[in-house]
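The structure under discussion appears below in the form of structure tokens.
Note that ligands are numbered from 1 as they come in the structure, with each ligand's atoms numbered from 1 the same way. Position 1 is the first residue of the sequence; numbering continues from there.
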Amino acid sequence: MGKSISGFSKLSKSEKIDWILKTHFSDRKNAKNILIQYWNTDEKLQQLHDEFIENTITNYHLPFGVAPNYLINEKLYTLPMAIEESSVIAAASKAAKFWLNRGGFKTKVISTIKVGQVHLIYHGNFETLKRYFNFIKPQLIKDTNSITKNMEQRGGGIIDIELKNKTKDLKDYYQLHATFETLDAMGANFINSCLEQFAKTFKTEAQKFELFSSEEKNIQIIMSILSNYVPECLVRAEVSCKVEDLNEDKSISPEEFATKFIQAVNIAEIEPYRAVTHNKGIMNGVDAVVLATGNDFRAVEAGVHAYASRHGKYSSLTHAKVDKGIFTFWIEIPLALGTVGGLTNLHPLVKLALEMLGNPNAKELMQIVAVAGLAQNFAALRSLTTTGIQQGHMKMHLMNILNQFNANDNEKATLVEYFKSNIATHNAVVEALENLRR
Ligand code: MEV
């Protein structure tokens with residue numbers, strides 16, 4: 001069993017590193033070098049990163065790439081993407097190019113409502129609780145005035161609060177279910193601050209409500225927290241063109257391509273095993289832009305997958321059809337994103353990513369991210385239904401394998417050329433490298 005430590009967070013950065021090295025590594029010098037290798041030479045910048053979280057010992061780099069040529073609602077964008085998977089940006093760029101000449105992407109924000117809940121336990125009569133809720137609701141709103149003032153000045157704030165009776169599912173369980181408009185902020189802090197104030201007022205004022213029995217006055221607040229399920233913070237992105245214009249791949253007719261593509265989407269609509277992988281491909285694009293723009297990809301992931309299960313069975317986020325000779329492919333996806341607050345004003349690369357996108361507001365960013373997801377899914381399905389996925393994937397992964405075996409620049413150049421006309425598998429690459437070195 002390893003050693004435990006108390007007061008770790010109070011140690012200095014170098015004391016933390018020393019403890020880690022002593023406790024977990026045999027080659028301490030090498031481990032220390034690796035940690036230090038990733039420090040930024042600009043001390044102020046390093047300090048900024050150190051202070052994002054607790055117990056920072058180094059930085060974890062991901063490639064930050066770009067996918068140009070995204071025509072979205074007649075405007076051209078270059079998408080910033082932070083991702084480690086070899087083929088994602090190549091696929092994103094290819095899909096952008098394909099649709100650039102076919103009208104580009106059309107998008108629309110459907111709604112921007114976010115949700116937060118106070119979860120509470122109340123032992124008593126529901127009708128009396130309802131009367132108390134209706135009586136106290138104006139005060140719940142009023143008591144959050146200092147929190148909501150600025151947001152309201154900009155046109156956002158609390159939309160509504162409802163009392164929900166959940167006792168059918170859990171004994172004595174009720175909710176204050178609140179909806180919010182948080183404009184360009186993702187809104188987690190705003191929503192949670194409002195909810196905690198609702199909870200305080202709701203509990204305190206219950207003591208004075210004359211219709212409550214003494215047991216009923218004793219409302220127990222379990223917790224107050226926003227929901228990352230945002231089915232009403234929804235955006236749609238779409239591409240469409242004449243079937244005959246789906247003509248880029250010489251190995252398949254446009255009609256056959258459209259039919260196979262739609263079948264692939266239909267399969268993901270009805271088969272959860274396929275839907276999960278299908279949606280994973282969508283999230284390759286979504287997460288990469290979400291991460292590059294400093295947003296919370298875990299929140300997005302959780303909300304998106306819950307939405308994909310909203311009809312009781314996990315299903316595809318994208319849909320496709322041919323109608324009167326027109327192929328249409330679209331996505332509807334819930335995305336709670338921010339372009340102010342959080343990392344957006346702090347992380348230099350996030351600021352740069354947002355500037356690259358023309359400093360979008362949250363609604364624009366929702367549309368851009370939805371497009372990244374749709375494009376990525378288009379690229380994946382296009383490969384899957386024609387060449388197979390490995391051809392493109394292994395072409396991009398080739399460099400990783402070569403690096404794994406410390407190939408030099410000459411070896412890389414020779415083998416990249418060789419695998420333009422030969423099928424790259426892990427074994428084939430290793431063998432080709434061995435042959436070259438013989
Ligand atoms: C790989 O990261 C993503 C794919 O598996 C997506 C898909 O199958 O649709 C290629």
Got a salt bridge between [X] and [Y], using NZ or NE/NH1/NH2 to carboxylate O under 4.0 Å?
X      : Y      : result
Arg382 : Glu248 : yes
Glu238 : Lys108 : no
Arg298 : Asp296 : yes

Exercise for review: Please work out which of Lys280, His278, Arg274, Gln376 has its closest non-hydrogen atom nearest to atom 8 (O) of ligand 1.
Suggested key: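 The residue whose heavy atom sits nearest atom 8 (O) of ligand 1 is Arg274.
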Practice item. Measure the distance from atom 1 (C) of ligand 1 to every protein heavy atom, then report the residue, atom name and distance (to 0.1 Å) of the closest one. Key: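 I find the closest protein heavy atom is Glu85 OE2, 3.5 Å.
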Exercise for review: Please report which non-hydrogen protein atom sits nearest to atom 5 (O) of ligand 1, along with the residue it belongs to and the distance in Å to one decimal place.
Suggested key: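 I find the closest protein heavy atom is Thr277 CG2, 3.5 Å.
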Point to revise | Minimal non-hydrogen separation, Leu381 against Ala264, with atom names | key: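 Heavy-atom minimum between the residues: CD2-CB, 4.1 Å.
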Review point. What are the two closest non-hydrogen atoms of Ala92 and Ala67, and how far apart are they?
Key: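 Closest heavy-atom pair between Ala92 and Ala67: CB-CB, 3.9 Å.
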Practice item. Report the part of Asn284 in contact with ligand 1, treating N, CA, C, O as backbone and CB onward as side chain, heavy atoms under 4.0 Å; options are side chain, backbone, both, neither. Key: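 Under 4.0 Å from ligand 1, Asn284 contributes side-chain atoms alone.
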Review point. Taking only heavy atoms of Leu384, which atoms of ligand 1 are found under 4.0 Å from at least one of them?
Key: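 Within the 4.0 Å cut-off of Leu384, ligand 1 contributes 7 (C), 8 (O), 9 (O).
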Point to revise | Per-atom contacts of ligand 1 with Ala380, taking only distances under 4.0 Å to non-hydrogen atoms | key: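 In order of number, 9 (O).
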